[in-house]
J.: 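One structure is given below, represented as C-alpha cells, and several questions about it will come after.
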Amino acid sequence: MTAITSITAAQAQPQREHALDLFRQMVLIRRFEEKCAELYRAGKIHGFVHLYIGEEAIAAGAMQALAPDDAVVATYREHGHALVRGVPAPAVMAELYGKQEGCSRGRGGSMHLFDAATRFYGGNAIVGGGLPLAVGLALADRLARRPRVTACFFGEGAVAEGEFHECLNLSALWKLPVLFFCENNLYAMGTALGRSESETDLCLKASSYEIPAWPVDGMDVEACEDAARRAAAEVRGGGGPVFLEFRTYRFRAHSMFDPQLYRTKQEIDEWKKRDPILIYDGRLRESGLLDDDRLKRIEDGVAAEVQKAVDFAEAGTWEPVEDLTRFVYSERTRT
Amino acid sequence: MSAQEQTRPQTIHTTYREAMREAIRDALIRDPRVFLMGEDVGRYGGCFAVSKGLLEEFGPERIRDTPLSESAFVGAGIGAAMGGMRPIVEIMTVNFSLLALDQIVNNAATILHMSGGQFNIPLVIRMTTGAGRQLAAQHSHSLEGWYAHIPGIKVLAPATLEDARGMLWTALEDPDPVLIFEHGSLYNMEGELAADAGAVDIEHAAIRRPGSDLSLITYGGTLGKAMQAALELAAAGIDAEVLDLRTLRPLDNDAIVDSVTRTHRAVIIDEGWRSGSISAEISARIMEGTFYELDAPVQRVCSAEAPMPYPKHLEEAALPQVSVIVETARALVGKRD
Ligand SMILES: Cc1ncc(C[n+]2csc(CCOP(=O)(O)OP(=O)(O)O)c2C)c(N)n1
C-alpha cells in the first residue's frame with residue numbers, strides 16, 4: 001500500500017505529487033471520454049466507441065509499474081490505457097475523428113489505437129486477440145535477453161476464449177515476462193460472469209496454469225498500482241507471467257448504444273458509489289492533499305488538455321484517398 | 001384465379017431484422033428440435049437485436065446465451081446436429097467466425113463425406129457480414145466468398161425481406177450445414193412483405209430486374225447498389241438486368257449463364273476483395289458457360305485490396321459504389337459500337 005498517511009518528510013513531496021498525478025490521470029480519462037460521448041452524439045466520432053468510465057483506476061494505477069521500454073497490449077476499450085501510457089491526447093482524439101494526424105493515421109478509430117513511440121501495440125477488437133501478441137512480444141524480449149515486460153489488458157469475457165487458456169499455458173510453460181491484467185467489470189456485453197463461467201474465480205484459472213494470481217480492488221487506484229508493481233517485480237525477476245484480476249465496473253453502455261436490459265439501475269448506482277475518482281478524491285482530502293482549490297486547478301488543467309485535443313482533431317486533415325492501399329505491404333523491401 | 005384473388009395475402013410493413021426474427025420464431029414454434037445459441041442472443045437481445053424478445057417467449061433452454069467461445073459453441077452446434085437437434089447458431093459477425101473456422105471447415109464440411117455418408121450435419125449458422133458502418137478492419141470484412149470455397153457447406157446471402165423471412169426454414173430442413181450471411185446494412189431495410197410469407201427455395205438465383213443490355217450480377221449487401229445503378233443506367237438508355245445470386249454455394253450456374261447469354265455483357269459486384277474471390281469464380285463460370293456469347297470482357301466491381309479503414313471517406317472509397325458500377329457498365333456497353 002502507498003501509505004500516504006505515514007510517510008517521512010523527505011518522501012512527502014514526491015509522494016504527494018505522485019498521488020495527485022494518479023488522480024489527475026483518472027480525471028483526464030473521465031473528462032476525455034465524456035467529451036468523446038458528446039462528440040459521438042454530435043456526429044464527429046463514428047463506429048463503435050467503448051467507454052472506460054468507471055474503470056479508470058486500473059489503467060491509471062497499473063501503468064505506473066511499467067518502464068518506458070515495456071510494451072502494452074490492450075482491447076477496443078483502450079482510450080484510458082493509451083492516455084496513461086503517454087500517447088498524446090491530441091493524437092488519440094484525432095484518431096477518434098479518423099484524421100490522419102491520429103495515432104494510427106486515422107485508419108483505426110476508437111478500437112485501434114497504436115503508438116510505436118510508447119510501445120502501445122493496439123487496440124484489438126477481437127476478444128482475446130491481443131493475448132497471443134503479448135506472449136510473442138514477451139518471447140522476443142526473452143530471446144533478445146532484454147529485461148522488459150509486456151502488459152496485456154483484457155476483459156473477463158476473454159477468459160472464455162481458447163486464446164486465454166492457450167496463452168496462459170504457453171507463457172507459464174516458457175516462463176515469459178507477461179503481465180496478464182484482467183479487467184473484470186462483471187459483464188461481457190450483456191452476459192454476466194456467472195452466466196458465462198462455470199468457475200467464476202478467475203485467479204483459480206490462472207493458478208491452474210501455475211501462474212501467480214490475485215484479485216485487486218479495481219476501484220482503488222493505489223491498490224491497482226501496488227498490485228501491478230508487485231506483479232511487475234515478480235515478472236522481471238524471471239519467474240514467468242503473473243495474472244491480476246482487477247475487480248471493477250463499467251458505468252456506461254457496452255458501446256454507444258445498448259439498452260442495458262441485462263442489469264438494473266440500482267446495481268449501476270450501487271457501483272457508482274465506489275466511483276474510483278470519488279473514492280480517491282475523498283482519500284486525498286482526508287490526508288490533506290486535495291481541497292476545492294486544488295481540485296479546480298486539476299479540473300481546469302484537464303479541461304484545457306481535452307480542449308487542446310479536440311482543437312487538434314478538428315484542425316486535422318483527411319488522409320488522401322490515393323493512400324488507401326498504402327501499408328497493405330511494407331514500403332521498405334528489407335528489414 | 002378468382003379463388004386465389006379472394007385469398008390474396010395481406011402485406012405487412014416490416015424490416016429485414018423483424019423478418020429474420022419472425023423466421024427464427026416460426027422455426028422454434030414449428031420444430032421442437034430447433035434452438036438458438038450464440039453470444040448475447042438472450043438477455044442482451046442479440047447484438048443486432050434480431051433475437052430481441054425470444055428469450056422471454058421461448059426460455060433459456062432454447063434461446064441459449066453462450067460464453068465468448070466461438071469454436072466451442074459452433075462445434076457444439078455441429079455435435080448437437082449430429083445428435084438429432086436442429087441448432088441455429090448465431091455468430092455475431094463473420095470476423096469472429098474465424099475463431100470457429102476449424103470447426104466449420106474441418107468438421108461441419110467434412111464429416112458426412114469422411115464418414116462414408118453416415119453422419120450428416122443439419123446445422124444452420126447465421127452471421128452478420130460486411131462494411132459500411134465505420135467499424136474498421138476487424139469488424140467489416142465480407143468473407144462469405146471464402147466459405148463458398150468449401151465443399152460440404154451451403155452459403156446463403158438473403159438480400160430481400162422475402163429471403164430474410166424464408167431462407168431459414170429451408171436451410172433448417174436441409175440435411176447439411178448451411179451458413180446464412182446477413183449484411184449488417186440490411187437490418188433496418190423496410191418494406192412490404194406478404195403476411196403469410198414463408199419458406200423460399202435456396203437453390204435459385206433471382207432476376208430482380210430484367211434487362212437486355214448487360215447483367216449486373218451480385219448478392220447480399222450490394223444488391224441495393226446494383227438496383228440503384230440499374231435505375232441510373234435506365235435513365236441513360238441502358239437496360240441492365242440485375243441478378244441476385246441468393247446462394248453462393250452451390251452457385252446457380254444456369255441462371256448466370258442464361259442471363260449473360262441473353263445480355264452478352266456482365267458486371268459482377270461483390271463487397272469481397274477481388275483476388276481469389278467469388279467474383280473470380282463467377283467470371284470463370286461465364287467464360288466456361290457462355291464465352292462465345294460475350295460481346296465484351298467480364299468486369300468486376302469489388303472492394304479495394306486493403307483492410308477496411310475507419311474514416312468514412314476511405315471506407316466509401318474502398319467499397320463498391322453505385323457511381324463505379326454505373327461507370328463500369330457504361331464503359332462496357334459503350335464498347336459495343
Ligand atoms: C471473438 C469475438 N467475439 C465477439 C466479439 C463481440 N464483442 C465485442 S466486446 C464483447 C464483450 C467482451 O467483454 P469483456 O471481455 O468482458 O470486455 P469488456 O467489453 O467488458 O471490457 C463482445 C462479445 C468480439 N469482438 N470478438
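Here is the naming used below: chain letters follow the sequence lines, and residue numbers restart at 1 for every chain. All of these numbers come straight from a predicted model, not from anything done at the bench.
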J.: Flag yes if more than 12 heavy atoms outside A:H165 fall under 6.0 Å of its NE2 atom; otherwise flag no.
T.: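 More than 12 heavy atoms, drawn from other residues, nucleotides or ligands, come within 6.0 Å of this atom.
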
J.: What closest approach, in Å, do A:L324 and B:L314 show between heavy atoms, and which atom pair accounts for it?
T.: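 In terms of heavy atoms, the two residues are closest at CD1-O, 3.9 Å.
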
J.: Around B:E61, counting heavy atoms of other residues, nucleotides and ligands shown, do more than 12 lie under 6.0 Å from its CD?
T.: no

J.: Between A:H112 and B:Y310 (judged by ring centroids, cut-off 6.0 Å), do the two rings come close enough to count as a pair?
T.: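 No, the ring of A:H112 stays outside the 6.0 Å limit from the ring of B:Y310, centre to centre.
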
J.: Could you report the tightest heavy-atom contact between B:P311 and A:G106, atom names first, then the distance?
T.: CD-O, 3.1 Å

J.: Is B:L98 in contact with chain A via its backbone, its side chain, both, or neither, using a 4.5 Å heavy-atom distance?
T.: neither

J.: What option among A:G128, A:A158, A:G162, A:G190 has the most heavy-atom pairs under 4.5 Å with chain B?
T.: A:G190

J.: Sort out for me which of B:E70, B:R133, B:E316 touches chain A most, counting heavy-atom pairs under 4.5 Å.
T.: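 Max contact count across the listed options: B:E70.
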
J.: At a 4.5 Å cut-off on heavy atoms, which part of B:E315 comes close to chain A: side chain, backbone, both, or neither?
T.: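 For B:E315, neither part sits under 4.5 Å from chain A.
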
J.: Less than 4.5 Å apart, any side-chain heavy atom of B:Y44 and any of A:D258?
T.: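 Yes; the side chains approach each other to less than 4.5 Å.
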
J.: What part of A:I45 gets within 4.5 angstrom of chain B, counting heavy atoms only: side chain, backbone, both, or neither?
T.: both

J.: Donor-acceptor pair, B:S69 side chain versus A:A160 backbone, under 3.5 Å?
T.: yes

J.: What heavy-atom pair brings A:V328 and B:P307 nearest, and what distance separates the two atoms?
T.: CG2-CD, 4.2 Å

J.: Tell me, for A:Y97 versus chain B, whether the close heavy atoms (under 4.5 Å) come from the side chain, the backbone, both or neither.
T.: backbone

J.: Looking at B:Q134 and A:H46, would you say the former's side chain and the latter's main chain have a donor-acceptor pair under 3.5 Å?
T.: no

J.: How about CZ on B:R274, more than 12 heavy atoms from neighbouring residues, nucleotides or ligands closer than 6.0 Å, or not?
T.: no

J.: Under 4.5 Å heavy-atom distance to chain A, tell me which part of B:A318 shows up: side chain, backbone, both or neither.
T.: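 Both backbone and side chain of B:A318 come within 4.5 Å of chain A.
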
J.: State which residues pass ring-ring contact (aromatic ring centres under 6.0 Å, His included) with A:Y187; sequence neighbours excluded, sorted by chain then number.
T.: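 Expected list: A:Y262.
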
J.: Any side-chain donor paired with an acceptor under 3.5 Å for A:T191 and B:D40?
T.: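 Yes, because at least one side-chain N or O of A:T191 sits under 3.5 Å from a partner of the opposite role on B:D40.
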
J.: Where is the tightest heavy-atom contact between B:P67 and A:S196, given as atom of each residue plus distance?
T.: CG-O, 3.3 Å

J.: Heavy-atom cut-off 4.5 Å, strictly under: side chain, backbone, both or neither for A:P259 against chain B?
T.: neither

J.: Taking every non-hydrogen pair under 4.5 Å, which of A:M189, A:E319, A:R326 racks up the most with chain B?
T.: A:M189

J.: Other residues, nucleotides and ligands only: do more than 12 of their heavy atoms fall within 6.0 Å of CZ on B:R62?
T.: yes

J.: Start with the C-alpha gap between B:L99 and A:E161, add the side-chain angles, then the distance that decides, and say whether side-chain contact (heavy atoms from CB on, under 4.5 Å) holds.
T.: CA-CA 9 Å; B:L99 280 77; A:E161 294 283 10; 3.5 Å; yes

J.: Just verifying a value: how many Å separate A:Y76 OH and B:H139 NE2, rounded to the nearest 0.5 Å?
T.: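 NE2 of B:H139 is found 8.5 Å from OH of A:Y76.
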
J.: Kindly compute the distance separating CG (A:L261) from CD (B:E56), expressed to the nearest 0.5 Å.
T.: 8.0 Å

J.: Between A:V321 and B:H313, what is the shortest heavy-atom contact and its length?
T.: CG2-CD2, 4.0 Å

J.: What distance do A:E197 atom CD and B:L68 atom CG have between them, rounded to the nearest 0.5 Å?
T.: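 CG of B:L68 is found 9.5 Å from CD of A:E197.
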
J.: Just give me the residue among A:S110, A:G102, A:A125 that pairs up with chain B most often, heavy atom to heavy atom, under 4.5 Å.
T.: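 Ranked by heavy-atom pairs under 4.5 Å with chain B, first place is A:A125.
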
J.: Check each atom of A:D323 against the heavy atoms of chain B and say whether the ones under 4.5 Å are side chain, backbone, both or neither.
T.: neither

